[in-house]
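One structure is given below, encoded as structure tokens.
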Amino acid sequence: MTTTAAKPTAVTAPVDHAAGKSRVELKNVSRGFGEDWAREEVVRNLTFEIKPGDLTCIVGPSGCGKSTIVNMVAGYDHPDSGEILLNGQKVVGPAKDRMVVFQETALMPWQTTFDNVVFGPRLRHEGSRPEIEKEAHRLLEKVGLGEFKQKYPSQLSGGMQRRAELARALINRPLLLIMDEPFRGLDAMSRPLMQEFFLRLFEENRRTNLFVTSEIEEAIFLADRLVVLSNRPAQVRAVIEIPLPRPRQFHMMSSPEVFEIKRQALEILHDEAMKSFGGAAHFAHRGPAEHEARA
Amino acid sequence: MSAVTALPSQAPAPRVFKRRSKFERAVSSPRFWRGIAGILAFLALWEFGAWAKAGLGLEIPFFGKLPAPSAVAAAAAEVVVQPGYWWSWVESYKRVLGGFVIAMILGIPFGLALAVNKYFRDVFFPPFEILRPIPPLAWVPASLIFWPTNEMSIIFVTFLGAFFTIVINVLGGARTIDVRYLRAAQSMGATQWHLFSRVILPGTLPSIFTGAAVGMGITWNVVLAAEMVSGGGSQAGGGLGFFIWSSYMGGSMEHIIVGMISIGIAGYLSSALIRVLGERVMPWRRAF
Ligand SMILES: Nc1ncnc2c1ncn2[C@@H]1O[C@H](COP(=O)(O)OP(=O)(O)OP(=O)(O)O)[C@@H](O)[C@H]1O
Ligand SMILES: [Mg+2]
């Protein structure tokens with residue numbers, strides 16, 4: 001089977017004090033690419049906050065600059081102006097306090113799943129070898145890959161790769177987990193399973209999470225807050241609180257509340273998507289609710 | 001239309017696989033036998049062509065000019081018991097492996113350095129690109145003058161044949177490593193050295209082996225040509241290239257073909273060696 005049980009296996013974890021206590025602030029962050037006349041602003045004057053223990057979803061039209069934001073928060077790229085703070089400290093480069101789960105698998109194909117997971121702690125010589133390995137075994141069991149430790153990433157299904165990547169990120173005990181459209185490309189069967197699996201994992205210790213998606217349903221199902229972005233250059237168009245209780249259940253998605261949130265968000269996204277269509281705007285007579293959140 | 005009924009899910013009975021060797025699996029597959037049939041048909045056509053000329057006075061194009069495979073086999077049987085023939089193998093292999101190993105030893109670090117260091121690339125890539133299009137054989141006269149012995153010039157030319165290919169492959173491979181691997185490693189605290197040894201190096205291995213396989217092929221070409229051009233050196237046995245050349249001088253078509261087949265086998269063994277090494281070094285490339 002490719003995707004298995006949607007529930008993280010309960011395995012006693014060492015207490016991770018950092019989880020759920022970290023705050024991220026973006027202050028007037030701008031970023032553009034290209035030289036002189038060809039310069040294009042991709043992110044403009046972006047300000048928002050991720051509260052400790054919150055799962056914040058960034059939703060926005062395709063190509064609006066979501067990955068650019070992720071890269072800056074992760075420290076791979078730097079704002080032209082403005083700053084990004086993690087617990088009050090300015091982000092200057094990549095570090096183990098912010099782990100990224102990328103859109104397509106970034107597991108290193110030349111290492112087994114197990115070696116991928118222990119990669120970080122081994123490099124940093126954190127703890128003894130048996131300690132590291134014990135923790136890796138625990139996490140792999142937790143994400144349901146106990147039997148696949150010695151497989152190479154190419155031998156795993158898409159859903160398994162995602163879970164292996166989660167394990168690889170979590171073993172580093174990041175203050176912030178960043179996920180850039182992690183479930184894009186999964187098939188229609190494994191996607192909801194992965195969403196639910198990830199939700200249970202998050203709700204266990206509420207590690208502060210920045211989650212990027214272009215699926216509005218997914219965003220509402222997972223998030224505490226939505227940050228809805230405009231078309232390029234990305235600006236905050238709306239911040240929507242999701243008042244659903246946790247643990248989240250699929251059936252909550254059919255409540256009138258959710259319907260109203262979805263309608264709001266889609267209306268904005270629809271506007272923005274139409275702008276990116278430019279000349280095609282006069283086709284915009286179709287209601288936003290019909291417009292699926294692919295945007 | 002019947003209503004949809006859920007089938008009770010049933011765990012498939014565990015299948016017992018008998019572990020079979022690669023050879024056993026090959027022999028039992030229809031592909032193997034089709035291949036054998038193809039080879040036999042080819043030999044039969046060849047034999048017929050040669051026989052048709054002698055027996056019927058009918059000259060079939062191409063095949064008619066060749067000695068029959070049976071005649072070649074007879075010549076081969078004669079040749080393989082002569083130590084001189086095996087010395088040709090040894091000579092050619094020494095040159096091929098000599099040039100090839102030196103090309104790997106110098107080419108891999110050079111290609112990696114080009115890939116990871118901008119300044120190194122700015123300085124060394126232009127001259128490299130100017131020298132690269134020169135066919136290895138164009139170097140033969142110059143290197144015969146430059147190097148004190150024939151042997152050294154053959155190895156040098158062989159080295160050049162593999163070197164450029166290996167460098168280009170290593171450079172290309174290292175430059176196209178997915179940035180996400182590097183980023184993920186950086187997030188996990190990798191130093192520059194870690195990035196190199198744990199990401200760039202393993203990430204380049206497939207390209208290194210591609211370069212090695214192509215380079216090995218070029219190496220054989222170059223060695224054989226160089227052996228023919230230079231007369232194969234003066235000492236005992238001049239290599240397989242010289243074997244063919246001297247068979248040609250001696251007017252023995254059978255021996256020419258024995259030499260050609262020998263080179264085919266030698267080349268095959270060399271690339272098989274690289275393939276086996278590749279599977280060893282890159283277990284993740286072995287699909288299940
Ligand atoms: N390093 C770069 N150099 C030049 N342009 C870039 C760079 N990175 C991103 N861009 C541009 O910025 C824009 C936004 O890209 P980005 O990948 O952030 O969008 P996205 O919202 O993540 O899109 P998607 O939905 O496709 O993932 C694109 O037009 C892209 O061409
Ligand atoms: Mg993106």
Side-chain angles (χ1 to χ4, degrees), chain A residues 1 67 70-77 91-113 115-126 132 150-156 161 164-165 167-178 180 182, chain B residues 4 6-15 17 108 112 115 169-170 172-212 277-288:
Chain A
M1 276 304 281
S67 295
V70 161
N71 287 341
M72 289 188 290
V73 177
Y76 306 137
D77 190 15
V91 165
V92 288
K96 64 158 190 152
D97 55 11
R98 282 154 286 131
M99 284 290 143
V100 184
V101 174
F102 296 89
Q103 187 174 309
E104 273 114 29
T105 177
L107 295 168
M108 294 174 202
W110 48 87
Q111 289 179 327
T112 60
T113 306
D115 286 338
N116 264 291
V117 172
V118 295
F119 188 90
R122 259 192 200 162
L123 283 191
R124 302 190 302 267
H125 301 292
E126 257 171 24
I132 294 172
Q150 296 311 324
K151 297 277 185 217
Y152 288 97
S154 62
Q155 297 172 304
L156 304 182
Q161 290 175 350
E165 227 157 327
R168 178 175 76 169
L170 291 176
I171 200 171
N172 297 288
R173 313 233 174 112
L175 302 177
L176 172 71
L177 191 57
I178 307 169
D180 188 0
Chain B
V4 179
L7 291 170
S9 71
Q10 219 171 23
R15 281 176 66 183
F17 287 103
I108 294 171
L112 287 170
N169 273 279
V170 170
R175 299 276 291 166
T176 50
I177 288 179
D178 198 316
V179 68
R180 286 170 310 162
Y181 302 143
L182 294 164
R183 285 178 168 174
Q186 276 180 312
S187 285
M188 291 185 280
T191 60
Q192 287 295 321
W193 166 247
H194 289 138
L195 290 181
F196 178 75
S197 63
R198 307 285 296 269
V199 182
I200 293 176
L201 203 52
T204 310
L205 271 179
S207 308
I208 291 178
F209 275 90
T210 308
L277 271 180
E279 286 182 3
R280 268 277 142 109
V281 181
M282 305 180 293
W284 70 92
R285 307 267 288 186
R286 252 179 289 162
F288 293 162

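Side chains included, hydrogens not; waters and symmetry mates left out as well; all remaining heavy atoms used. Computed from a prediction, not measured in an experiment: that's the story for all the values here. A note on names: the letters A, B, ... follow the listed sequences, proteins ahead of strands, and every chain is numbered from 1.
- Among all heavy-atom pairs drawn from Ser187(B) and Met99(A), the shortest one is O-CE, 3.3 Å.
- For Tyr76(A) against Ala184(B), the heavy-atom pair with the smallest separation is OH-N, 4.2 Å.
- Across all their heavy atoms, Arg180(B) and Thr105(A) have their closest contact at NH1-O, 3.3 Å.
- Along residues 194-204 of chain B, the residues that come nearer than 4.5 angstrom to chain A, judged on non-hydrogen atoms, are His194(B), Arg198(B), Val199(B), Pro202(B), Gly203(B) in order of number.
- Between Trp284(B) and Pro153(A) there is no side-chain heavy-atom pair separated by less than 4.5 Å.
- Partners of Glu104(A) by side-chain hydrogen bond (donor to acceptor under 3.5 Å, both in side chains), not counting sequence neighbours: none found.
- If you measure heavy-atom distances from Arg124(A) to chain B, the contacts under 4.5 Å come from the side chain alone.
- Here the shortest heavy-atom pairing between Leu123(A) and Gly189(B) reads CD1-C, 4.4 Å.
- With a 4.5 angstrom heavy-atom cutoff, Ile171(A) does not touch chain B via any of its atoms.
- Checked against side-chain hydrogen bond (donor to acceptor under 3.5 Å, both in side chains), Arg175(B) has no partners two or more places apart in sequence or in another chain.
- Contacts between Thr112(A) and chain B at a heavy-atom distance below 4.5 Å are absent for every atom of the residue.
- In this structure, chain B has a heavy atom under 4.5 Å from the side chain of Asn71(A), while its backbone stays farther away.
- Tyr152(A) meets the side-chain hydrogen bond (donor to acceptor under 3.5 Å, both in side chains) test with no other residue; sequence neighbours excluded.
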